[in-house]
Protein chains: 2
Amino acid sequence: MAPSPPHQDTRSRLIESAILHFAAKGYDGTGIREIAKGAKANSALVTYHFCGKEGLFLEALKAVFSRKTSPLTGLQPPLPADAPGARQAALEGLRAYLRAFITELMFCDARDPLDEAAMVLMAREMQSPSEAAAPVLMAHIEPYVTYLMACLSLLRPDLDEEALFLMGNSIQGQVLHFRNSLGIIRLLRGNPAFPEDLEKLIQHFIGFSLRGLGVPEAFPQPRN
Amino acid sequence: MAPSPPHQDTRSRLIESAILHFAAKGYDGTGIREIAKGAKANSALVTYHFCGKEGLFLEALKAVFSRKTSPLTGLQPPLPADAPGARQAALEGLRAYLRAFITELMFCDARDPLDEAAMVLMAREMQSPSEAAAPVLMAHIEPYVTYLMACLSLLRPDLDEEALFLMGNSIQGQVLHFRNSLGIIRLLRGNPAFPEDLEKLIQHFIGFSLRGLGVPEAFPQPRN
DNA sequence: TCAAGGGTTAATCACTCGTTTGAATTGGTC
DNA sequence: GACCAATTCAAACGAGTGATTAACCCTTGA
């Protein structure tokens with residue numbers, strides 16, 4: 001029968017509509033009535049269920065961040081310190097990380113409008129986090145940073161913390177830029193703005209990152 | 001005496017205030033009365049001088065983009081085709097490009113609020129360009145892309161257009177991400193989020209980019 | 001001296017905003 | 001059926017939106 005309490009229905013319908021509308025026109029550009037209409041609900045319910053527009057926005061953000069299962073699932077836990085083969089493990093860990101990051105986080109199902117909207121919302125929040133949303137954002141991102149930095153410090157033990165941070169920034173930056181600046185990239189290149197073949201993209205990012213990081217294995221052997 | 005036509009004064013004061021306010025609270029989050037108050041002017045003047053709020057926004061964007069003289073000034077014009085030393089010239093061109101890009105475009109005078117606001121506005125427009133602003137944006141960015149791609153195709157003549165584009169994206173992406181995501185970076189690392197020493201930053205970006213691109217000169221010599 | 005016109009002003013327009021209110025409706029329990 | 005709390009609804013509230021109006025400087029040219 002799936003009776004499912006009707007109030008839960010409207011609640012989630014409101015959140016879903018909010019994600020779509022906030023992504024499309026921003027927080028200030030979106031009206032409560034608009035969202036309610038999209039959810040086939042009364043606008044007063046926003047206040048009732050979420051204590052107002054801002055509460056709904058926050059709830060929508062939480063939903064967006066927890067929507068995608070963390071790409072880190074399935075990756076080996078923080079690497080062993082200086083066990084034998086630690087370096088090789090870190091290398092594979094970084095490769096796996098980038099693959100997971102790109103596939104699961106960056107490239108959603110373009111045919112699912114809700115998925116698309118979620119990405120737009122996340123990107124916007126990363127660029128200029130709303131005060132209220134900062135904790136949610138941080139909690140979601142922190143594990144990625146930790147994992148990545150662990151790999152980097154194993155691969156380049158000669159670098160200090162600041163240099164490692166710059167490496168991490170450059171690696172993440174490529175991929176995030178690719179997602180966040182799709183707007184301008186599309187303007188410059190037209191559609192499709194990137195290779196249909198996702199694997200080609202992944203290989204590029206992995207190769208560029210490893211070379212940039214200064215991992216000898218990734219660099220073409222000099223002819224002699 | 002400095003008589004200076006009063007109408008020109010208010011016009012530019014309005015634009016200046018608009019940049020500050022639009023950057024701080026976005027287009028929809030900013031009211032024209034707020035902007036007018038910041039410019040010590042009457043809100044009706046927005047319509048009078050700019051045909052309305054949207055006109056003022058567009059004018060503010062134009063002002064932002066033409067504010068900074070193009071970092072490409074002073075760089076050698078498009079490189080010679082296959083003249084002798086073309087490769088070395090391209091290498092130096094890319095280094096100079098990155099240096100100019102970082103210093104002049106990415107890192108404004110942080111003590112100048114107007115400069116800061118201009119960057120915020122540009123970053124936002126790059127991520128999700130307003131329909132009306134797209135042409136302005138394109139015109140400003142296109143020369144950068146052209147120059148960069150010219151360097152890249154000389155340094156990696158073995159790559160096809162798509163691969164070159166990915167390289168360009170990765171190179172630009174690092175730097176742009178660094179600027180555009182200062183919000184989240186500050187959250188993760190606190191202040192100051194990046195090295196005080198600008199030169200250190202430049203060297204990192206140049207090194208990472210050249211290695212990532214696959215330029216042998218940039219890679220540490222294997223010990224043998 | 002006076003009309004003309006661009007720049008500026010306060011006052012007001014019609015409209016939308018997020019929120020509040022109080023009544024109607026629903027589903028469950030006795 | 002009677003009761004209750006949770007949910008939904010239409011209607012209205014006050015504040016604020018961008019745009020418009022008509023009057024008012026103040027300089028300019030005849």
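So that the names make sense, note that chain A is the first sequence line, chain B the second, and so on, each numbered from 1.
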Completion exercise
Atom CG of A:Leu56 and atom C1' of C:dT19 are separated, to the nearest Å, by 14 Å

Exercise for the section: Taking B:Arg156 for its side chain and B:Leu213 for its backbone only, find out whether a donor-acceptor pair lies under 3.5 Å. Expected result: yes

Handout entry: side chain to side chain contact (heavy atoms under 4.5 Å, CB included) evaluation trace for A:Leu98 with A:Ile171
Key = CA-CA 9 Å; A:Leu98 275 169; A:Ile171 291 176; 3.9 Å; yes

Exercise for the section: Calculate the interatomic distance between B:His49 atom NE2 and C:dT9 atom C1'; express it in whole Å. Expected result: 12 Å

Practice task
Could you state the atom-to-atom distance from CG of B:Leu45 to P of C:dA10 in whole Å?
Solution key: 10 Å

Fill in the blank from the handout: In whole angstroms, the gap separating P of D:dG18 from CG of A:Asp28 amounts to 11 Å

Exercise for the section: Please answer whether the main-chain N or O of A:Arg13 pairs with a side-chain N or O of A:Lys40 as donor and acceptor at a distance below 3.5 Å. Expected result: no

Problem - Length of the line joining A:Tyr48:OH and D:dA5:C1', which is rounded to integer Å - result: 9 Å

Problem - Rounded distance in Å - CG (A:Asp9) to P (C:dT26) - result: 16 Å

Problem - Letter per nucleotide, 5' to 3', of nucleotides 21-28 of chain D [B base touched, S only sugar-phosphate touched, - untouched; heavy atoms, 4.0 Å] - result: --------

Practice task
Could you tell me whether A:Phe205 and A:Phe178 have their ring centroids closer than 6.0 angstrom?
Solution key: yes

Handout entry: side-chain N/O B:Thr10 vs C:dG7 OP1/OP2, d < 4.0 Å
Key = no

Exercise for the section: Measure from NE2 on B:His21 to P on D:dT17 and round the result to the nearest Å. Expected result: 12 Å

Problem - Salt bridge present between A:Glu92 and A:Arg95 (N-O < 4.0 angstrom) - result: yes

Problem - Side-chain-base donor-acceptor pair under 3.5 Å for B:Arg33 and D:dG18 - result: yes

Exercise for the section: Quickly work out the A:Asn42 CG to C:dT21 P distance and round it to whole Å. Expected result: 16 Å

Problem - Residues A:Leu176, A:Phe101; criterion side chain to side chain contact (heavy atoms under 4.5 Å, CB included); working and verdict - result: CA-CA 10 Å; A:Leu176 283 171; A:Phe101 193 60; 4.3 Å; yes

